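What follows is one structure encoded as structure tokens, with my remarks underneath.
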Amino acid sequence: MNAMNFVEPEERIALRKAVAELGAKYGHEYYARKARADEKTHELWDEAGRLGYLGVNIPEEYGGGGAGIADLAAVLEELAAAGSPLLLMVVSPAICGTVLSRFGTEDQKKQWLPGIADGSKRMVFAITEPDAGSNSHRITTTARRDAGGWVLNGRKVFISGVDEADAVLVVGRTEDAKTGKLKPALFILPAGTPGFEYTKIPMDIVAPENQFSLFLDDVHLPAEALVGEEDAAIAQLFAGLNPERIMGASFSLGIARYALAKAVGYANERRVWGAPIGTHQGLAHPLAEIKIELELAKLMTQKAASLYDSGDDFGAGEAANMAKYAAAEVAIRATDQAVQTHGGNGLATEYGLGTLVTAVRLGRIAPVSREMVLNFVGQHSLGLPKSY
């Protein structure tokens with residue numbers, strides 16, 4: 001998809017069709033059953049990996065499809081539209097896979113990318129801290145050199161999927177020998193490393209992926225745990241954050257599509273006073289508005305992915321933030337209207353909507369809050385004074 005053509009290439013259309021068929025094989029009933037039993041969606045993840053869908057953005061020489069974030073986003077959107085979104089796609093192939101592909105050493109690429117591509121290895125991303133939140137400049141997890149390696153100390157919070165991960169890509173800070181100031185750096189922390197512990201955060205969201213607090217207490221890592229060049233850490237960090245926002249938008253878009261489809265299906269079938277309830281404008285108009293908002297959000301998401309894949313990191317940053325904002329808003333509205341359309345049935349387990357009510361609300365908070373998106377747009381898109 002380019003600036004003058006709003007139709008996706010045939011290859012991506014075919015990819016969407018194939019992934020949609022896989023998603024339909026599992027569906028929301030499978031997803032919700034796994035989540036309520038505190039089990040993982042390993043069957044879906046493993047099959048998606050075997051079919052090559054999880055690694056479409058990984059370079060071919062490392063077992064991937066050699067495509068871009070636009071194709072990976074399409075995969076996540078279609079799975080979410082089938083009712084089985086895979087949250088770890090946002091962090092393992094999108095963030096970690098992208099960062100390692102662009103900045104990792106050859107050894108790091110060979111060790112991790114083939115497994116990330118086929119789903120046999122999962123790597124999660126740890127940036128958020130209890131006292132930093134949206135202000136990543138206040139990260140206090142530090143790394144100091146020691147005997148040719150590194151020693152990490154710090155704490156992270158709301159880190160997804162740590163209990164499923166083979167490694168964590170940790171954002172820490174090192175001391176610049178020239179200035180004495182701390183600067184960001186990324187490290188690969190394998191699961192089971194001494195000094196690395198985590199605890200589950202109880203959440204009211206019905207999802208198979210759990211959230212964790214991480215504790216790093218004198219964690220010793222070899223020199224080769226550092227990702228890329230120490231001085232390029234800012235570029236490396238943002239190389240992962242733009243795909244994160246694009247994938248977050250696709251996650252929301254898919255759920256919005258799922259909710260809208262459920263609402264439309266019910267509005268066509270449910271009859272009151274001798275006619276389908278969809279004949280009433282009180283229901284038809286809100287659903288039509290959601291369809292319009294959904295298509296607009298999808299276009300912005302595709303624009304963001306296209307800009308990113310073309311190498312325009314700054315342009316992608318603006319579009320990715322806008323896409324994430326728009327997709328989160330329409331997902332919330334679509335889910336709420338779907339519940340309203342179903343009436344009491346909207347919160348009945350049988351109809352598969354109640355589990356989404358809290359899940360879509362997360363889109364306004366993560367991976368970046370709507371307020372920080374508005375700050376970004378106000379400052380960088382409109383040229384207003386910095387407000388934070």
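Just so it is clear, the structure is predicted and the values come from calculations on it, not from any experiment. Only this structure's heavy atoms are used, side chains among them; waters, hydrogens and symmetry mates stay out.
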query: Is the backbone N or O of I69 less than 3.5 Å from a side-chain atom of N57, with the two atoms forming a donor-acceptor pair by type?
result: no

message: For the backbone of G49 and the side chain of D118, can you confirm whether one donor and one acceptor N or O come within less than 3.5 Å of each other?
response: no

- prompt: Donor-acceptor pair, S250 side chain versus A74 backbone, under 3.5 Å?
  reply: no

In one Ile/Leu/Val/Met/Phe/Trp/Tyr side-chain cluster, 4.5 Å: F251, Y30: yes

message: Are there over 12 heavy-atom neighbours, none belonging to E295, within less than 6.0 Å of that residue's CD?
response: yes

query: Ignoring hydrogens and geometry, is there a side-chain-to-backbone donor-acceptor pair from K324 to V368 under 3.5 Å?
result: yes

task: May I ask whether L307 and L299 are part of the same hydrophobic cluster, defined by side-chain heavy atoms of I, L, V, M, F, W, Y residues being less than 4.5 angstrom apart, directly or through others?
output: no

message: In the structure I gave you, are the side-chain heavy atoms of P276 and R270 within less than 4.5 Å of one another anywhere?
response: no

query: Roughly how far, to the nearest 0.5 Å, is CG of L214 from CZ of R155?
result: 10.0 Å

field: Short side-chain to backbone donor-acceptor contact, N242 and A320, under 3.5 Å
entry: no

- prompt: Is a donor on one side and an acceptor on the other found under 3.5 Å between the side chain of S92 and the backbone of M123?
  reply: yes

task: Kindly indicate whether the side chain of T355, heavy atoms from C-beta on, has any atom under 4.5 Å from the side chain of R36.
output: yes

query: Taking atom CD of E10 as the centre, does the number of heavy atoms from other residues, nucleotides or ligands within less than 6.0 Å exceed 12?
result: no

task: Indicate yes or no for a side-chain donor-acceptor contact from Q108 to the backbone of E224 under 3.5 Å, with no hydrogens or angles considered.
output: yes

query: When you measure from the side chain of T335 to the backbone N and O of A331, does any donor-acceptor pair fall under 3.5 Å?
result: yes

field: Common cluster, L86/L253, ILVMFWY with side-chain heavy-atom separation under 4.5 Å
entry: no

field: Pairing residues for Y31 by the ring pair (Phe, Tyr, Trp, His ring centres under 6.0 Å) criterion, not counting sequence neighbours
entry: H28

message: Rounded to the nearest 0.5 Å, what separates atom CE in M322 from atom CG in L296?
response: 13.0 Å

- prompt: Does any N or O in the side chain of N153 come within less than 3.5 Å of the main-chain N or O of D218, such that one atom is a donor and the other an acceptor?
  reply: yes

- request: Look at E61 together with K109 and state whether they make a salt bridge at an N to O cut-off of under 4.0 Å.
  value: no

task: Can you sort out the partners of E43 under salt bridge (Lys or Arg N to Asp or Glu O under 4.0 Å), two or more places apart, ordered by chain and number?
output: K34

Test salt bridge (Lys or Arg N to Asp or Glu O under 4.0 Å) applied to E78 and K17, step by step: CA-CA 8 Å; E78 293 303 324; K17 183 176 183 294; over 6 Å; no

task: Check whether any side-chain heavy atom of D166 sits under 4.5 Å from a side-chain heavy atom of W112, and report yes or no.
output: yes

message: Quick one, M372 and F376 - any side-chain contact, counting heavy atoms below 4.5 Å?
response: no

message: Using every non-hydrogen atom in the two residues, find where L216 and V170 come nearest and quote the distance to one decimal.
response: CD2-CG1, 4.3 Å

task: Could you please spell out the steps behind the side chain to side chain contact (heavy atoms under 4.5 Å, CB included) verdict for L152 and F196?
output: CA-CA 9 Å; L152 271 62; F196 169 47; over 6 Å; no

- prompt: Hey, are D204 and R361 close enough for a salt bridge, meaning a charged N less than 4.0 Å from a carboxylate O?
  reply: no

- prompt: For the side chain of W45 and the backbone of G119, is there at least one donor-acceptor N/O pair under 3.5 Å apart?
  reply: yes

- line: Scanning both residues in full, the closest heavy-atom pair of I95 with G240 reads CG1-O, 3.6 Å

query: For A35 and A207, which heavy atoms make the closest approach, and how far apart are they?
result: CB-C, 3.5 Å

- prompt: Would L88 end up clustered with L22 when hydrophobic side chains under 4.5 Å apart are linked, directly or stepwise?
  reply: yes

query: Is the shortest heavy-atom distance from the side chain of S160 to the side chain of V124 under 4.5 Å?
result: no

- prompt: Side-chain contact, heavy-atom cut-off 4.5 Å: K25 with E47?
  reply: yes

message: With a 4.5 Å cut-off on side-chain heavy atoms, are V168 and Y198 touching?
response: no

query: Same cluster for V91 and I188 if Ile/Leu/Val/Met/Phe/Trp/Tyr side chains link at under 4.5 Å?
result: yes

query: Does the side chain to side chain donor-acceptor pair (under 3.5 Å) test come out yes or no for E318 and S381, once each step is laid out?
result: CA-CA 7 Å; E318 179 185 53; S381 303; 2.5 Å; yes

- prompt: Is there side-chain contact between P194 and H220, with heavy atoms separated by less than 4.5 Å?
  reply: no

message: Would you say that more than 12 heavy atoms from the other residues, nucleotides or ligands in this model lie under 6.0 Å from the NZ of K40, or not?
response: yes

